[in-house]
Protein chains: 2
Amino acid sequence: MSERSLVTLEDVAQAAGVSPATVSRVLNNTAAVRADMRERVLAAATSLAYTPNSHAQALARATSQVVGVICHDIGDPYFAGIIRGVMRMASEHDLHVTLGSTFGDQEREIAYVGMMRGQRARAILLIGSGFEDAAWQEAMGRELDRYVATGGRVTAVSRHRGLHVDAVLPQNRTGAAELARAMVELGHREFAVLSGPATLTTAADRLAGFRDGLARAGIELRPDQVVEGAFNRDGGYAAATELIRRGLRATCLFAATDLMAVGVLAALRNHGLSVPDDVSLTGFDDIPLVQDLTPPLTTVALPLEEVGRRAMAMALRRGTTTRNRVERVQGRVVLRASTAPPPPSGRP
Amino acid sequence: MSERSLVTLEDVAQAAGVSPATVSRVLNNTAAVRADMRERVLAAATSLAYTPNSHAQALARATSQVVGVICHDIGDPYFAGIIRGVMRMASEHDLHVTLGSTFGDQEREIAYVGMMRGQRARAILLIGSGFEDAAWQEAMGRELDRYVATGGRVTAVSRHRGLHVDAVLPQNRTGAAELARAMVELGHREFAVLSGPATLTTAADRLAGFRDGLARAGIELRPDQVVEGAFNRDGGYAAATELIRRGLRATCLFAATDLMAVGVLAALRNHGLSVPDDVSLTGFDDIPLVQDLTPPLTTVALPLEEVGRRAMAMALRRGTTTRNRVERVQGRVVLRASTAPPPPSGRP
DNA sequence: CTGAAAGCGCTTACAG
DNA sequence: CTGAAAGCGCTTACAG
């Protein structure tokens, strides 16, 4: 069988004895067609197993079914969870999702937008926080503006400073503040934070929120009790190790993401520290499985799938004004066994 | 700014004062072009921020950059891990990955293939086991044959009975057999299996392999000590609960996937059983985080990212013969603290 | 080395 | 209701 044996609209038309225009109308239900022709077209299309060439359709219609989804790392349960929601929504709307995973490379993120512009994606979803980097914001902003100028829609999940796009915003700051308050209510007074890269807005927001919450109780976070690490398990492990090296002067630790918290837990254990007996530990996100850790992790639960669904829904719904739309998604503090009142000694 | 203000090849040609053909040649490096024209074209393309319409290219070239990737559930760390590898490879080769997540719906899997055929995807990756279902195999086989007949390449990860496609095959059967042997060596004689849906080849293979391994030691698996559950955490929980209800006559449990094992662990704990003191527990896959459970999980480690990379590589490399190619990927038994010699009593 | 022209597979005014 | 024709934005023989 030859490689170019694709069945075309033309083939269906010939088989059915009608014009290509008629086939198109029947298949797209775009105009009334006499019943018998309709039948013949449908029969021919079925028997030839005809599938329209979506590229030809995109070209002729000047609009495609493609939606671009860009995330930092598809292997991270946080992104996988959100994209799960995106996929649910996409399949309900018969959209073609093109996936981009940047692996933290800012350049690649911009390149993906260009690629999706080339695909004439009807919408682009930016999943995951932006970078606090002026040059990147400049370049990314230009690239997105070009895309938007040609009718594209962009929805971001998490805050992207410097980019004027619609957004679904997990309330990182208030979530972290509430978590801090809950920990203060448990009796803690000395805290340390295992934070993410300062260049990520999500990391910055969570740290700021945690500070807010403590401040309201008159508690300050000492600079040497904040350690940065990569937004993953090993980043948490490394940051916790560094914190211990500096001298752990806290009864409660806040890891900026659950994934980091898992690494922190391992590091604490390897240093002979028990959670929560020696020190309490909290995370953020509530990814699957952290409820199955020992002890189960106290965290701020974000409805990840819901976030994905809403981002996709927002991108599909054209705005009525030119103002950027924003939907806030609250996190919910979930207290589990990884946190407890501080030990009587006050310090491990 | 009007919506149809996309910059076209034609615009670049006019700006540069050359023909569209020349622009195409310069941009694609597809023929020598006089240096000065070349410069002008490049300058014009840059200043207009021109990005070729990939649909028009796909149409004119009769081949696209699209690769379709279909998995059962993008939210499952097993698939997310494999797809992570796929994305790495894809970005190195400038491919556009279209993602499909079936959520276990067989129909939808077939529909995705059709959609990707419509996109003229140059390859389709089927990630995740096939179904032991004659009707599905029939329909899926037809759909894939149509795709292959038009020059498409299909690579499956895991066994797909009834489909003649290239495949990367995690050695589920031998991996499970080796795991069984390792457990026998630890001293276990009484086993139970929390298996996945019998309709999934992966579940069937792992169960069969575990039986193989036991058989070699002259040990049989009693039918009532095999319980099926969904391939996820809650499936493991439910299956373990059922097993306990039936009477746990085993000192070692094998959950068909790590995700199930997490649920099993929770169920055991809720029934006051300790791992590994009362009963040993093993999984399969070695997804991230199971090494951080308490106790860390003994499992059969599969190099997930590597599997994804190889599947993509195989799809890109045209076969020299018409015979289907197969690459086997060995799992490696990783002993962790969730397994130990059986308790002296022999039974919990 | 360069351009005019045909063609990729659709859709959609435009006539009838 | 139906068809012939133009057009979507590229690429690529074909001439020159």
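From a predicted model like this one, the values you see are computed outputs, not experimental measurements. Below, chains carry the letters A, B, ... as their sequence lines are ordered, and counting in each starts from 1.
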Nucleotides 12-14 of chain C: which of its N/O atoms have a protein N/O under 3.5 Å away?
residue: C:dA13; atom: N6; partner: A:R25; partner atom: NH2; Å: 2.8

**OP:** Give a yes-or-no answer on whether the side chains of B:R61 and B:N28 include a donor-acceptor pair shorter than 3.5 Å.
**Re:** yes
**OP:** Indicate yes or no: at least one non-hydrogen side-chain atom of A:V69 is less than 4.5 angstrom from one of A:V86.
**Re:** yes
Original post:
What's the NE2-P distance between A:H55 and D:dG9, to the nearest Å?
Top reply: 16 Å
**OP:** Compare the minimum distances between each of C:dG9, D:dT2, C:dG3 and the side chain of A:T8, then state the nucleotide with the smallest one.
**Re:** C:dG9
Subject >> Spacing between A:L9 atom CG and D:dA5 atom P, to the nearest angstrom >> reply: 17 Å
Original post:
Would you say the side chains of A:S101 and B:R84 form a donor-acceptor pair under 3.5 Å?
Top reply: no
Subject >> Euclidean distance, atom CD of residue A:Q14 to atom P of D:dG3 [Å, nearest integer] >> reply: 13 Å
**OP:** Using the test side chain to side chain contact (heavy atoms under 4.5 Å, CB included), find all partners of B:A80 that sit at least two apart in sequence or belong to another chain.
**Re:** A:A80
**OP:** Measure from CG on A:D36 to C1' on D:dT2 and round the result to the nearest Å.
**Re:** 12 Å
Original post:
Between A:F131 and A:W136, how do the two ring planes meet: parallel, tilted or perpendicular, split at 30° and 60°?
Top reply: perpendicular
Subject >> Nucleotide-level pairing of DNA chain C, given in dot-bracket where Watson-Crick and G-U pairs need both distances under 3.5 Å and | marks other strands >> reply: |||.||||||||.|||
Original post:
Taking 4.0 angstrom as the limit, do A:R309 and A:E92 come out as a salt bridge?
Top reply: yes
**OP:** Please determine, for the side chain of B:V18, which listed nucleotide (C:dG3, C:dC1, C:dC8) has the closest atom?
**Re:** C:dG3
**OP:** Determine, for B:F103 and B:R108, whether the Lys NZ or Arg CZ falls below 6.0 Å from the six-membered ring centre while staying within 45 degrees of the axis.
**Re:** no
**OP:** Flag the pair A:M312 / A:H93 as yes when at least one side-chain heavy-atom distance between them is below 4.5 Å, and no otherwise.
**Re:** no
Subject >> Length of the line joining A:N53:CG and C:dG7:P, which is rounded to integer Å >> reply: 18 Å
**OP:** State which of D:dT11, D:dG9, C:dT2 makes the closest approach to the side chain of B:M37.
**Re:** C:dT2
Original post:
In whole Å, what separates the P atom of D:dA6 from that of D:dT2?
Top reply: 23 Å
Subject >> Euclidean distance, atom CG of residue A:L27 to atom C1' of C:dT11 [Å, nearest integer] >> reply: 12 Å
Subject >> Under 3.5 Å side-chain donor-acceptor pair for B:S64 and B:R122 >> reply: no
Subject >> Nearest-angstrom distance from the residue atom CG of A:D11 to C1' of C:dG9 >> reply: 10 Å
Original post:
Over how many whole Å does the gap from B:Q57 atom CD to D:dT11 atom P extend?
Top reply: 5 Å
Subject >> 5' priority, DNA chain C, between B:R34 and B:A56 [closest heavy atom] >> reply: B:R34
